[in-house]
*Asks:* 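Below is a structure I'd like to ask you about.
Each chain gets a letter, A, B and so on, in the order its sequence line appears, and its residues count up from 1. The basis for the numbers below is simple: all heavy atoms, side chains too, and nothing from hydrogens, waters or symmetry mates. All values derive from a computational prediction rather than experimental measurement.
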Number of protein chains: 2
Amino acid sequence: MRAAANKHEQSALGQVLHERGRRMTRQRQAVFDAVVAAGGHPCADQVFARVRRQLPHVSLATVYNALEALVGCGQLAKIPRTDRGPARYDPRRDSHHHARCIACSKVWDIDDKAIAVRTVSTPRRFKPVGYKVEVLVECPADCPADARICVPTTGSKKT
Amino acid sequence: MRAAANKHEQSALGQVLHERGRRMTRQRQAVFDAVVAAGGHPCADQVFARVRRQLPHVSLATVYNALEALVGCGQLAKIPRTDRGPARYDPRRDSHHHARCIACSKVWDIDDKAIAVRTVSTPRRFKPVGYKVEVLVECPADCPADARICVPTTGSKKT
DNA sequence: ATCCTTGCAAAGCATTTGCAGTCAC
DNA sequence: GTGACTGCAAATGCTTTGCAAGGAT
């Protein structure tokens, strides 16, 4: 390897990885940075393309590996693949839900406060551990062409 | 072909198919019956196995085709594939949600009345068309070995 | 020095597609 | 009779795996 940043100053990322007995690598840092820089909910392919700009030799398998490692450490959330598209990765750490366009399958963040879920009753014998709420939406007309991300400032009480 | 039920009495199923310009076939009837008979949320493989008992020559592709046709006509609901398992098909027509075990990935019905979702605000620019609520649960200890289906009678007000 | 991680290629699973023959209408 | 549907096999999309070489601690 060339020279350069061989020493990974103990970033928050590296620390969390260590706590799990995993190692910090340039690839993993680049993958994490790429997800954040993508600005929305990139899929593995998009992360791959972005990481390659920085590390031209990474393989797709490494990107998958790194994404899984980061998800395993709670640094990324994984939005599972659907019929219409691959899994997507979300760098937001706070609790929130997602809206998904039924046409183009893109995902937007929805603040937790925007959705109220109340369990009236749960199936007996099962212990509920969480909710996954997906609001199905229709993008406006520009949806297929435009991947822009909308993180609404959900202060408004009613829309 | 042998003899037998060549005449498809205009079942509700056949009628709905016709309204969409699609045809009724033995395979499609068998696929629908198999999903119902499976009693829960079978995946394509399980439907395939069951249909083969009746029509030993059906191909998996036909099962997929038939499932898609039935979903397209609103006769079945599709629960999309996740990381841990294939798509599943649900013959229930009334509105309801699902619980999914985070360990074994199986799906149970939850009556609509058991979950209250309230939209406090929606992302601007998007038209919400529905919700998908998945309650993540932990099966009891018998979960990996047991595929039994639990459709709770959610009359109880609180569990 | 240890052994986790990488990169490549090949395998894997669930699902879809191409096409010739068949069947529902 | 016509066009949708079937069945087979091959292809696809996304993801995982096997393994030798490389790098982090």
*Asks:* Let me know the distance between CG of B/L60 and P of C/dT16, rounded to the nearest Å.
*Replies:* 10 Å
*Asks:* For B/R81 and D/dT12, what is the distance between atoms CZ and P respectively, to the nearest whole Å?
*Replies:* 17 Å
*Asks:* Can you tell me how far apart CG (B/L13) and CZ (B/F32) are? Round to the nearest 0.5 Å.
*Replies:* 5.5 Å
*Asks:* So B/N65, base contact, sugar-phosphate only, or nothing? Heavy-atom distance under 4.0 Å.
*Replies:* base
*Asks:* If I take atom CD in residue B/Q15 and atom C1' in nucleotide C/dA24, what distance separates them, rounded to the nearest angstrom?
*Replies:* 17 Å
*Asks:* Taking all heavy atoms of A/C73 and all of A/R22, pick out the closest pair and write down the distance.
*Replies:* SG-CD, 4.3 Å
*Asks:* Tell me which residues in residues 42-57 of chain B put a heavy atom below 4.0 Å from DNA chain D, sorted by number, or none.
*Replies:* B/H57
*Asks:* Per the side chain to side chain donor-acceptor pair (under 3.5 Å) rule, what does the pair list look like for residues 46-60 of chain B, sequence neighbours excluded?
*Replies:* B/S59-B/T62
*Asks:* Any salt bridge (charged side-chain N to carboxylate O under 4.0 Å, His left out) involving residues 56-80 of chain A? Give me the pairs, sequence neighbours left out, ordered by first then second residue.
*Replies:* A/K78-B/D83
*Asks:* Are A/H98 and A/R88 close enough, and set up right, to give a side-chain contact (heavy atoms from CB on, under 4.5 Å), and what steps lead you there?
*Replies:* CA-CA 12 Å; A/H98 291 115; A/R88 295 176 174 279; over 6 Å; no
*Asks:* Side chain of B/T25 only, please: which of D/dG7, C/dT5, D/dC5 is the nearest?
*Replies:* D/dC5
*Asks:* Considering just the side-chain nitrogens and oxygens of B/T62, establish if one lies under 4.0 Å of OP1 or OP2 belonging to D/dG7.
*Replies:* yes
*Asks:* Measure all distances between protein nitrogen or oxygen atoms and nitrogen or oxygen atoms of nucleotides 1-3 of chain D, and list the pairs falling under 3.5 Å.
*Replies:*
from: D/dG3; atom 1: N2; to: B/R23; atom 2: NH1; distance (Å): 2.7
from: D/dG3; atom 1: N3; to: B/R23; atom 2: NH1; distance (Å): 3.3

*Asks:* Scan residues 67-79 of chain B against DNA chain D and write down, sorted by residue number, each residue with any heavy atom closer than 4.0 Å; if none is found, say none.
*Replies:* none
*Asks:* What is the distance from CD of B/Q27 to P of D/dT6, rounded to the nearest Å?
*Replies:* 5 Å
*Asks:* Show, in sequence, the C-alpha distance, side-chain angles and deciding distance for A/V35 and A/L67, and conclude whether the side-chain contact (heavy atoms from CB on, under 4.5 Å) test is met.
*Replies:* CA-CA 9 Å; A/V35 174; A/L67 287 168; 3.9 Å; yes
*Asks:* It should be established whether A/R28 places a side-chain nitrogen or oxygen under 4.0 Å from OP1 or OP2 of nucleotide C/dT5.
*Replies:* yes
*Asks:* Taking NE2 from B/H18 and C1' from C/dA24, how many angstroms apart are they, rounded to a whole number?
*Replies:* 7 Å
*Asks:* Between P on D/dT6 and OH on B/Y64, what's the gap in Å once rounded to a whole number?
*Replies:* 16 Å
*Asks:* Of the non-hydrogen atoms in B/G72 and B/R20, which two are nearest, and what is the gap between them?
*Replies:* O-NH1, 3.2 Å
*Asks:* Test of understanding: with side-chain contact (heavy atoms from CB on, under 4.5 Å), list the residues that count as partners of B/L60, not counting sequence neighbours.
*Replies:* B/D45, B/F48, B/Y64
*Asks:* May I have the distance from A/R26 (atom CZ) to C/dT6 (atom P), rounded to whole angstrom?
*Replies:* 10 Å
*Asks:* Nearest 0.5 angstrom please: A/T25 OG1 to A/Q27 CD, how far?
*Replies:* 4.5 Å
*Asks:* Could you state the interatomic distance from NE2 (B/H18) to CE (B/M24), rounded to the nearest 0.5 Å?
*Replies:* 8.5 Å
*Asks:* If you find the nucleotide of DNA chain D closest to B/R22 and the one closest to B/A61, which residue's nucleotide is nearer the 5' end?
*Replies:* B/R22
*Asks:* Look at all strands and tell whether A/A87 reaches a base, only sugar-phosphate, or nothing, counting heavy atoms closer than 4.0 Å.
*Replies:* sugar-phosphate
*Asks:* How long is the span from the CG atom in A/L55 to the CZ atom in A/R26, to the nearest 0.5 Å?
*Replies:* 6.0 Å
*Asks:* If I compare all heavy atoms of A/A87 with all of A/Y89, which pair ends up nearest, and what's the gap?
*Replies:* O-CE1, 4.0 Å
*Asks:* The criterion is side-chain hydrogen bond (donor to acceptor under 3.5 Å, both in side chains); which residues satisfy it with B/N65, sequence neighbours excluded?
*Replies:* B/R28
*Asks:* Note down the inter-axis angle between the two ends of the helix from C/dA1-D/dT25 to C/dC25-D/dG1, five pairs each, to the nearest 10°.
*Replies:* 40°
*Asks:* Mind checking what makes side-chain contact (heavy atoms from CB on, under 4.5 Å) contact with A/P86, not counting sequence neighbours?
*Replies:* A/C43
*Asks:* What integer distance in Å separates A/L17:CG from C/dT5:P?
*Replies:* 8 Å
